[in-house]
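In what follows, a single structure is set out as structure tokens and then discussed.
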Amino acid sequence: MIQETDSMDQIVSKGPGISRKTKVWMAMAGGMVIAFVLLWPAVKRWARAEQSVDFSRLQIATVVRGDLERDVSAQGRVVAANHPKLYSPTQGIVALAVRPGESVKAGQVLARIASPDLDSSLKQEQSRLQSLESELSRTDLSTRQQNQADEQTLKLRRVRLDAARRDLQRAETLRADGLLNEVEHERAKDAVRVAEVELEQAEGGGKLGHEARDFEIQDRRRQIDRQRLVVDDLQRRVGELTLRAPFDGMVATVDVQDRDAVAPNTAILTIVDLSQLEVEAQIPESYAPDALPGTPALVNVDGREIPGRLTAVSPEVRASQVEGTVAFAGVVPEGLRQSQRVAVRLLLEKHSGVLKVPRGPFLDSGGGRQIYVLAEGLATLRSIRVGAMSVSEVEVVEGLREGEQVVLSEIQQFNGARTVLVRR
């Protein structure tokens with residue numbers, strides 16, 4: 001029979017202190033308290049949050065203080081300041097003398113337009129001018145002849161008057177001596193009066209005839225002057241059939257083919273002066289009131305910002321845009337080409353020492369009146385008021401403090417929640 005082990009058991013007395021089991025439970029309780037303390041802010045945020053979103057989906061920025069340049073970005077293209085398009089002045093056959101891309105000098109012949117009708121009209125009007133000049137010469141000769149005849153008649157009338165007066169004087173002497181009767185004396189008086197009337201009529205008629213002939217000559221000369229203007233105009237039009245370069249430049253485009261028949265006002269070619277370039281910029285209509293001539297501008301050419309100045313703004317709106325002209329300040333950059341696309345930034349105004357944040361979707365979605373402020377993992381909706389805006393930054397007039405973090409993302413994604421938990 002096997003003996004039990006009871007004889008080997010010994011009674012052990014309980015030692016002083018806390019048991020191991022109690023220590024384990026106390027450690028677990030302490031860990032729970034520490035975890036509760038550490039997790040309490042998160043729990044509190046979870047309790048306050050109406051919605052949650054992942055941090056990676058948000059665009060976060062910090063409110064800073066600095067200078068803000070209110071500007072507007074626009075697309076533009078490089079154009080020559082002088083780029084006239086030459087047109088056909090009349091109907092005819094065009095003969096080109098240059099090709100696109102060819103350099104030309106001022107006054108060089110670019111094209112000729114053959115117009116038989118215009119040449120014929122010029123010759124006809126020149127012939128009519130010569131005919132009028134011949135008629136003027138004949139009228140002038142006839143006038144001199146008639147003036148000479150009137151002068152001769154006037155002299156004869158004066159001689160007759162002198163003779164009649166001498167006869168009257170002799171008659172009065174004879175009558176005084178009783179050698180001439182009264183009838184002959186009266187006849188001598190009548191002869192003097194007749195001679196005086198004839199002289200008076202000859203003088204008046206000669207004067208009127210002279211004035212009439214002078215008027216006729218003047219009329220002939222006015223006709224010649226009018227005809228000469230017609231001839232000069234036709235000569236000018238014939239001269240315009242030869243298209244010449246208005247300045248040193250380059251042929252940009254040719255719109256017709258050689259020996260084409262062209263109608264009046266048909267575009268023939270365009271010549272550009274590449275030594276004077278400028279930029280035509282399309283400015284959004286909303287910025288048109290602030291985009292005034294003289295506004296500073298920066299033209300982005302191959303990553304370089306070239307300073308310039310807005311020189312003109314079109315008063316016409318097309319497709320919600322107005323066209324402005326930007327001239328380069330100083331030397332025109334090399335390597336630019338006609339119609340090259342560039343980016344233009346107009347510097348409308350500058351604000352110094354303002355609170356600002358980067359421009360983001362919140363501006364459009366919230367109307368610039370609301371933004372979410374991020375603090376301790378919780379984004380809180382706050383009302384703000386914005387001021388000046390640039391292409392990349394927005395001035396915050398009130399509602400934010402320097403150093404705060406804000407959410408630039410769209411506000412609609414939070415469905416109007418006042419607080420949003422941001423999960424990292």
Side-chain angles (χ1 to χ4, degrees), residues 74-119 121-122 232-282 297 299-302 304 306 308-314 316 318-319 321-344:
Q75 293 297 319
R77 65 185 185 95
V78 178
V79 297
N82 294 328
H83 56 282
K85 185 180 288 291
L86 305 184
Y87 295 85
S88 168
T90 187
Q91 182 177 353
I93 306 298
V94 62
L96 298 175
V98 293
R99 292 176 297 180
E102 185 174 341
S103 297
V104 295
K105 297 293 184 180
Q108 180 178 337
V109 176
L110 305 178
R112 290 185 175 88
I113 300 173
S115 177
D117 293 342
L118 193 58
D119 291 337
S121 298
L122 175 59
D232 291 343
D233 182 65
L234 286 173
Q235 287 178 336
R236 177 188 59 80
R237 293 174 60 187
V238 170
E240 290 177 349
L241 295 179
T242 301
L243 304 182
R244 299 181 182 273
F247 47 76
D248 294 347
M250 178 180 293
V251 178
T253 59
V254 176
D255 301 306
V256 297
Q257 298 295 325
D258 191 28
R259 309 307 300 173
D260 273 356
V262 295
N265 300 320
T266 300
I268 303 299
L269 53 82
T270 302
I271 182 172
V272 297
D273 182 6
L274 296 181
S275 64
Q276 299 181 6
L277 298 177
E278 59 188 16
V279 177
E280 288 183 354
Q282 302 300 323
V299 182
N300 192 315
V301 180
D302 298 331
R304 298 175 298 158
I306 310 300
R309 190 167 296 275
L310 188 66
T311 58
V313 179
S314 172
E316 183 179 5
R318 292 183 179 180
Q321 293 180 329
V322 295
E323 185 174 285
T325 302
V326 177
F328 291 100
V331 181
V332 177
E334 296 182 357
L336 293 181
R337 294 182 177 274
Q338 175 81 355
S339 300
Q340 178 179 344
R341 294 291 178 178
V342 294
V344 179

Locate the shortest heavy-atom distance separating S314 from V322; write the atom from each residue and the value. O-CB, 4.0 Å
Considering residues at least two apart in sequence or located in another chain, which fulfil the salt bridge (Lys or Arg N to Asp or Glu O under 4.0 Å) criterion with R77? E280
Checking side chain to side chain contact (heavy atoms under 4.5 Å, CB included) against V326, which of I306, L310, V78 comes through? L310
Can you find a pair of side-chain heavy atoms, one from L234 and one from L118, that are under 4.5 Å apart? yes
Might you point out which heavy atoms bring A267 and V256 nearest each other, and give the distance in Å? O-CG1, 3.6 Å
Considering all heavy atoms, the nearest V94-A111 contact: CG2-CB, 4.2 Å
Donor-acceptor pair, T325 side chain versus T311 backbone, under 3.5 Å? no
Atom pair OG/CG of S115 and L122 - distance to nearest 0.5 Å: 10.5 Å
Once side-chain hydrogen bond (donor to acceptor under 3.5 Å, both in side chains) is applied, what residue pairs with a partner in residues 255-266 remain, sequence neighbours excluded? K85-D255
Side-chain contact test, heavy atoms from C-beta onward, threshold under 4.5 Å: evaluate it for V238 versus Q235 and give yes or no. no
Should D232 and R236 count as side-chain neighbours, where that means a heavy-atom distance under 4.5 Å? no
Suppose we screen for side chain to side chain donor-acceptor pair (under 3.5 Å). Which residues come up paired with D273, at least two apart in sequence or across chains? S275
Below 3.5 Å, can you tabulate the donor-acceptor pairs from side chains in residues 242-254 to any protein atom, sequence neighbours excluded?
unit_1	atom_1	unit_2	atom_2	d
R244	NH1	G107	O	3.2
D248	OD1	A106	N	2.7
T253	OG1	T270	OG1	3.3

Which residues pass the side chain to side chain donor-acceptor pair (under 3.5 Å) test with E316, sequence neighbours left out? R318
Do any pairs count as a side-chain hydrogen bond (donor to acceptor under 3.5 Å, both in side chains) and have a residue in residues 86-105, sequence neighbours left out, and if so which ones? none
As an exercise, state the distance from CG of L269 to CG of L96, rounded to the nearest 0.5 Å. 7.0 Å
Please round to the nearest 0.5 Å and tell me the distance separating atom CD of E278 and atom CG of N82. 8.5 Å
Which distance, rounded to the nearest 0.5 Å, do you find between the CG of L241 and the CD1 of I93? 12.0 Å
